[in-house]
Amino acid sequence: MRKVAIFSSLIAIMIIGMFFYGENDFKAKDAMPILDESGSSSYERKDATNVETAVSEAIKEHGKTYGKGEYITEGHVILDTEQKGNKVKAYTIASVGVFEFQDGIFTIVSGSGAIPTVMTFSIDEHGQYKLIAYEEPLDGEAYVESMKKMFPKTYHSKVLYADKYYDELAKQQERQAQEYLKNIGRHAKVSISYVEKQPLNISVQAMNHFLHMLSSDPFLNECPDWLGTREVIEQGIRYVYETSQSKANDGRDVVTLRKMKEDGTVIDMRQYVIEENKLKRIK
């Protein structure tokens, strides 16, 4: 779900901007301001001195509103740009992809499809682009009408069928993910689609209890809800969270959750036995 935050200063800027853009003005209530650096996902920020870089950085910044992960990628196609004075409006098809290591595969864990997106920038005296507004169509029945208001009529046929751009956008994301692995010296498969997981072999009731536990405990929340591993970078250090399953001497199922360093050193561990369709901690 898209998060919308409206600040008084941003509203003022957008109202001024409306005088520049005629019938394709964006609406203040639909625009999305750039976020701060508090997001859990990260990427290497670049100075934006051209519209291509500015659009790329804006999409990745917007990607912080998606699920957590290790690295944010983006894909975009710029259909057209308009410039009046020191303001630039970019009409784009944009996509976000957030990646992390799961079972050793660098896989996409959250993101978006191909979304018609209009971004408005100001250019300062040093030629740096600064995002003023990030606008996506409204959800549901208002989607088509809001999209038509965002884009010039000549592009309506393209943005109405934006999904046809998704393969190209996904390839851009995949290339960025591969470049990230190269930069960190890691060899791994990159997947831009869901990777099948091995589920826990427990009852539906026990699994529901397990998922409830995951959502209510910070340590458990980082652990996979499947039999396998996921990697998380915490304060610059990479940790591996693992969920495994075994049998106790009396035949009951045991679920073990571990937090480890990359070298396998166990930092934290919990064990639960399945009892009456619930997980009971034994260690």
Side-chain angles (χ1 to χ4, degrees), residues 2 4 10 13-14 16-35 43 46-66 72-98 108 111-123 127-177 192:
R2 191 156 49 94
V4 181
L10 179 59
I13 294 173
M14 290 190 292
I16 294 172
M18 290 176 66
F19 290 98
F20 288 95
Y21 296 109
E23 67 180 30
N24 295 309
D25 296 341
F26 56 86
K27 295 182 179 180
K29 68 181 180 65
D30 297 334
M32 181 172 294
I34 199 164
L35 300 180
Y43 64 91
K46 300 177 182 178
D47 290 337
T49 56
N50 59 71
V51 70
E52 282 283 351
T53 303
V55 165
S56 175
E57 293 302 295
I59 298 170
K60 288 185 284 188
E61 196 74 25
H62 176 65
K64 292 181 179 180
T65 66
Y66 289 82
I72 301 174
T73 65
E74 60 83 26
H76 71 265
V77 172
I78 298 177
L79 302 176
D80 197 6
T81 60
E82 293 178 358
Q83 180 167 356
K84 293 187 178 181
N86 71 330
K87 299 217 171 34
V88 174
K89 184 177 260 193
Y91 299 99
T92 77
I93 308 295
S95 182
V96 171
V98 182
I108 194 165
S112 70
I115 301 179
T117 307
V118 178
M119 305 170 211
T120 306
F121 304 90
S122 63
I123 307 175
Q128 294 288 324
Y129 283 65
K130 180 180 180 182
L131 182 65
I132 295 177
Y134 192 102
E135 184 185 12
E136 297 177 332
L138 299 176
D139 296 329
E141 295 180 356
Y143 179 87
V144 173
E145 186 62 28
S146 62
M147 182 278 298
K148 287 182 177 180
K149 291 181 179 180
M150 289 167 51
F151 286 82
K153 188 175 182 180
T154 185
Y155 295 112
H156 286 183
S157 61
K158 291 186 176 181
V159 294
L160 277 172
Y161 300 98
D163 286 349
K164 67 182 180 182
Y165 292 96
Y166 182 72
D167 287 346
E168 171 56 28
L169 304 183
K171 289 178 183 177
Q172 294 178 34
Q173 295 173 17
E174 184 177 18
R175 287 194 294 268
Q176 292 165 34
I192 58 173

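Sequential numbering from 1 along the given sequence is applied to the chain's residues.
Across all non-hydrogen atoms, the minimal contact from Pro137 to Ile115 is CD-CG2, 4.1 Å. Between Leu169 and Gly75 the shortest heavy-atom distance is CD2-C, 3.5 Å. For the pair Tyr143 and Ser146, the tightest heavy-atom approach, listed with the atom from each and the gap, is O-OG, 2.9 Å. The nearest pair of heavy atoms linking Pro116 to Ala114 is CD-O, 3.8 Å.
For the pairing with Lys89, the side chain to side chain contact (heavy atoms under 4.5 Å, CB included) check across Thr120, Thr81, Val51 returns one residue only, Thr120. Just one of Thr117, Val88, Ile78 meets the side chain to side chain contact (heavy atoms under 4.5 Å, CB included) condition when paired with Val55; it is Ile78.
Thr154 places no side-chain N or O within donor-acceptor distance of the main-chain N or O of Pro152, the cut-off being under 3.5 Å. The backbone N or O of Leu138 lies less than 3.5 Å from no partner atom in the side chain of Glu136, so there is not a single donor-acceptor pair. Judged by distance alone, the side chain of Ser95 and the main-chain N or O of Ser112 form a donor-acceptor pair under 3.5 Å.
Residue Tyr134 holds its OH atom at 5.0 Å from CD1 of Ile59, rounded to the nearest 0.5 Å. Note that OG of Ser56 is 11.0 Å distant from CD of Glu61, once rounded to the nearest 0.5 Å. One distance of note links CD1 of Ile192 with NZ of Lys171; it measures 9.0 Å at 0.5 Å rounding. With values rounded to the nearest 0.5 angstrom, Met119 atom CE is found 13.5 Å from Ile132 atom CD1. Taken to the nearest 0.5 Å, the CG atom of Asp167 stands 11.5 Å off from the CD atom of Gln172. The CD atom of Glu135 sits 10.5 Å away from atom OG1 of Thr92, with the distance rounded to the nearest 0.5 Å.
A salt bridge between Glu57 and Lys60 is present, with a side-chain N of the basic residue lying under 4.0 Å from a carboxylate O of the acidic one. A salt bridge is defined here as a Lys NZ or Arg NE, NH1 or NH2 lying under 4.0 Å from an Asp or Glu carboxylate O, and Glu74 with Lys64 fails to meet this definition.
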Discussion item. Please determine whether side chain to side chain contact (heavy atoms under 4.5 Å, CB included) holds for the pair Gln83 and Ile123, giving the CA-CA distance in whole Å, both sets of side-chain angles, and the decisive distance to 0.1 Å.
Written reply: CA-CA 10 Å; Gln83 180 167 356; Ile123 307 175; 3.9 Å; yes

Worksheet item: Is there a side chain to side chain contact (heavy atoms under 4.5 Å, CB included) between Leu79 and Phe151 once you walk through the steps?
Response: CA-CA 10 Å; Leu79 302 176; Phe151 286 82; 4.2 Å; yes

Discussion item. Checking Glu82 against Tyr91 for the side chain to side chain contact (heavy atoms under 4.5 Å, CB included) test, could you report, in this order, the C-alpha distance in whole Å, the side-chain angles of both residues, the deciding distance, and whether it holds?
Written reply: CA-CA 8 Å; Glu82 293 178 358; Tyr91 299 99; 3.2 Å; yes

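The aromatic rings of Tyr129 and Phe121 lie perpendicular to each other, with more than 60° between the two planes, well past the 30° mark.
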